[in-house]
Number of protein chains: 2
Amino acid sequence: MAEIQRPGALYQQVAAAIREAILSGEFEPGAPLPSEAQLIERYKVSRPTVRNAIAALRAEGLIEVKHGKGSFVRSSGLPVLTVERRVSLSGADQFTTADGETWKIVDGPSVYRTQTTAATGSLLQLGEREEVFGCDRTLLHQATGARALHRTLIPFATADQVPGLADSPDAEPEAIYGMLANAGHELWWHETVRARMPLPDERSALHLPDATPVLHTTRTTHRLDRQALILEELCLGADRAQLGYRITADEDGNARTATA
Amino acid sequence: MAEIQRPGALYQQVAAAIREAILSGEFEPGAPLPSEAQLIERYKVSRPTVRNAIAALRAEGLIEVKHGKGSFVRSSGLPVLTVERRVSLSGADQFTTADGETWKIVDGPSVYRTQTTAATGSLLQLGEREEVFGCDRTLLHQATGARALHRTLIPFATADQVPGLADSPDAEPEAIYGMLANAGHELWWHETVRARMPLPDERSALHLPDATPVLHTTRTTHRLDRQALILEELCLGADRAQLGYRITADEDGNARTATA
DNA sequence: AGTCGTAACTCGTCAGGACAAGTGACGTCA
DNA sequence: TGACGTCACTTGTCCTGACGAGTTACGACT
């Protein structure tokens with residue numbers, strides 16, 4: 001670096017210089033950056049410094065590196081799928097999310113028996129190590145390439161109460177909602193949304209690039225008396241997908257309003 | 001590494017070994033890991049290899065490194081704030097999110113005039129470079145330490161139509177909803193949730209540790225005829241906060257259901 | 001023409017060394 | 001007793017050098 005060193009470490013100055021070059025339009029989205037050798041020449045630094053700078057830009061999600069090919073400005077304009085999180089009791093056949101587009105099940109459904117953890121048990125208003133059915137699927141949204149992992153957890157107590165459920169724990173969510181409704185339950189749902197970095201196996205299952213978090217939702221199905229019936233988890237890569245909620249205020253315009 | 005080398009690179013084997021040691025309980029959450037020098041001794045590798053392994057675990061969010069002190073297993077049991085995303089028209093004074101806990105405004109509100117971008121213009125059903133009011137706040141949830149950035153965008157057309165709004169674009173969201181309702185509008189909202197890595201300035205403003213994504217929500221306030229009135233953006237660190245939605249099915253149990 | 005091997009590029013990995021910078025404990029000195 | 005400087009520890013930064021591995025294009029051989 002021949003320039004004045006203002007912020008801090010050398011590699012941060014190099015990273016800042018490259019970042020500016022990208023944002024100023026010198027390198028367009030999708031275009032290749034100079035190779036490491038060229039950056040060494042350009043900024044008069046050693047290779048570890050260049051690689052450190054590149055690593056910082058990768059962690060920011062600004063660039064993407066392909067072994068044997070080079071570094072590229074990540075194109076931010078991927079087709080984004082909005083997964084509308086609403087509920088239909090129609091009991092549709094396909095694994096759709098009510099946006100008209102279909103998901104393809106590329107793995108599963110695989111049913112197994114397991115036990116609740118502290119977290120899942122709490123959400124289901126059960127203790128730890130209670131017996132539940134589990135059902136996992138890996139989904140691919142064909143129009144956009146978005147991928148997701150879906151898991152359904154059904155407590156034995158719920159399966160026993162609802163006709164047909166114990167025989168088909170691999171039914172799709174809205175079909176299950178239909179069974180619960182037919183069993184006489186009035187239903188509502190609560191969903192929490194977290195963002196986190198994917199575990200290594202999630203990274204590969206969802207084909208996630210570097211520095212890409214996942215949206216992790218947990219949806220509990222409740223009766224009107226707040227009894228939790230089933231639990232669903234949906235984990236989807238944040239590079240191609242976002243969630244959508246519709247929110248309305250209650251008629252009385254009071255604090256207990258909401259819905260989406 | 002004296003052991004058999006299965007997966008791939010040396011540093012990945014070291015990372016896997018440390019990861020196993022953590023998950024097996026050899027190092028408890030919050031406890032310090034062996035120093036780099038000790039890891040070099042333990043696995044018989046060079047310092048770059050050890051540092052590379054540590055960098056991988058950092059990117060996974062599994063450990064946390066403090067300059068001059070050492071590496072520590074990140075304690076996953078932070079108090080998690082669930083931000084319930086619902087709407088009240090009560091026009092409350094404080095910047096609360098209806099969960100009874102209060103946010104403290106540590107920066108702002110600062111009002112300015114700006115222009116729509118392609119993204120925000122599209123959400124507001126306007127073109128690019130349309131004039132809008134902007135209002136930014138930095139929030140701190142005192143009970144949990146969660147931080148958030150909030151932005152309100154109000155098109156001039158909306159401010160002109162609604163009594164009082166042009167004079168106080170820095171009003172808090174639910175106060176603005178109240179103004180809109182008083183102006184005779186029936187309101188509903190649509191919210192999208194994305195996860196992404198924070199920009200450098202967001203990282204420092206939100207005091208985010210390594211490998212921590214942000215939850216980025218955009219909420220548009222609509223009239224019944226789908227006309228968009230205002231736009232809000234909320235950006236909160238995913239280490240201490242999650243979002244909560246309540247979902248109900250329509251009475252007719254049809255496809256157009258939802259709400260949360 | 002088609003196939004295949006090689007060569008020249010790219011980034012990935014690993015070694016060893018040196019010094020800077022932050023932290024905490026200990027001992028010295030006022 | 002109290003304040004402060006030093007020292008031993010930690011991680012951060014930066015260098016040089018070397019080889020492995022993936023990619024691509026070119027040219028020779030069939």
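Throughout, protein chains are lettered first and strands after them, A, B, ... in sequence-line order, and every chain is numbered starting at 1.
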Nearest-Å distance for atom pair CD/C1', residues A/Glu36 and D/dA21: 14 Å

Minimum-distance nucleotide to A/Ser71 side chain [options: C/dT13, C/dC11, D/dT11]: C/dC11

Rounded to whole angstrom units, what separation is found between the OH atom of A/Tyr43 and the P atom of D/dT13? 19 Å

5'-most contact on DNA chain D (nearest-nucleotide basis), A/Asn52 vs B/Gln38, goes to B/Gln38

Protein-nucleotides 15-17 of chain C N/O pairs under 3.5 Å:
from, atom 1, to, atom 2, distance (Å)
C/dA15, OP2, B/Ser46, N, 2.9
C/dA15, OP2, B/Ser46, OG, 2.5
C/dA15, OP2, B/Thr49, OG1, 2.3
C/dA15, O5', B/Ser46, OG, 3.3

Please lay out, stage by stage, how B/Thr82 and B/Gln242 fare under the test side-chain hydrogen bond (donor to acceptor under 3.5 Å, both in side chains). CA-CA 5 Å; B/Thr82 302; B/Gln242 62 183 5; 2.8 Å; yes

Quick one: A/Ile54 CD1 to C/dG12 C1', roughly how many Å, whole number? 12 Å

Is B/Glu232 salt-bridged to B/Arg151, cutoff N-O under 4.0 Å? no

Rounded to whole angstroms, how far apart are CZ on A/Arg51 and P on D/dA18? 18 Å

Checking D/dT10, D/dG12, D/dC14 against the side chain of B/Arg58 (C-beta onward), the nearest is D/dG12

Which residues pass the side-chain hydrogen bond (donor to acceptor under 3.5 Å, both in side chains) test with A/Ser122, sequence neighbours left out? none

Would you list the protein and nucleotides 23-25 of chain D atom pairs, both N or O, that sit under 3.5 Å from each other?
from, atom 1, to, atom 2, distance (Å)
D/dT24, OP1, A/Lys69, NZ, 3.1

Closer than 4.0 angstrom, basic N to acidic O: yes or no for B/Glu64 and B/Arg58? no

B/Tyr245 and A/Tyr245 aromatic ring geometry - parallel, tilted or perpendicular at 30°/60° bounds: parallel

A/Ile230 versus A/Phe133: any side-chain heavy-atom pair under 4.5 Å? no

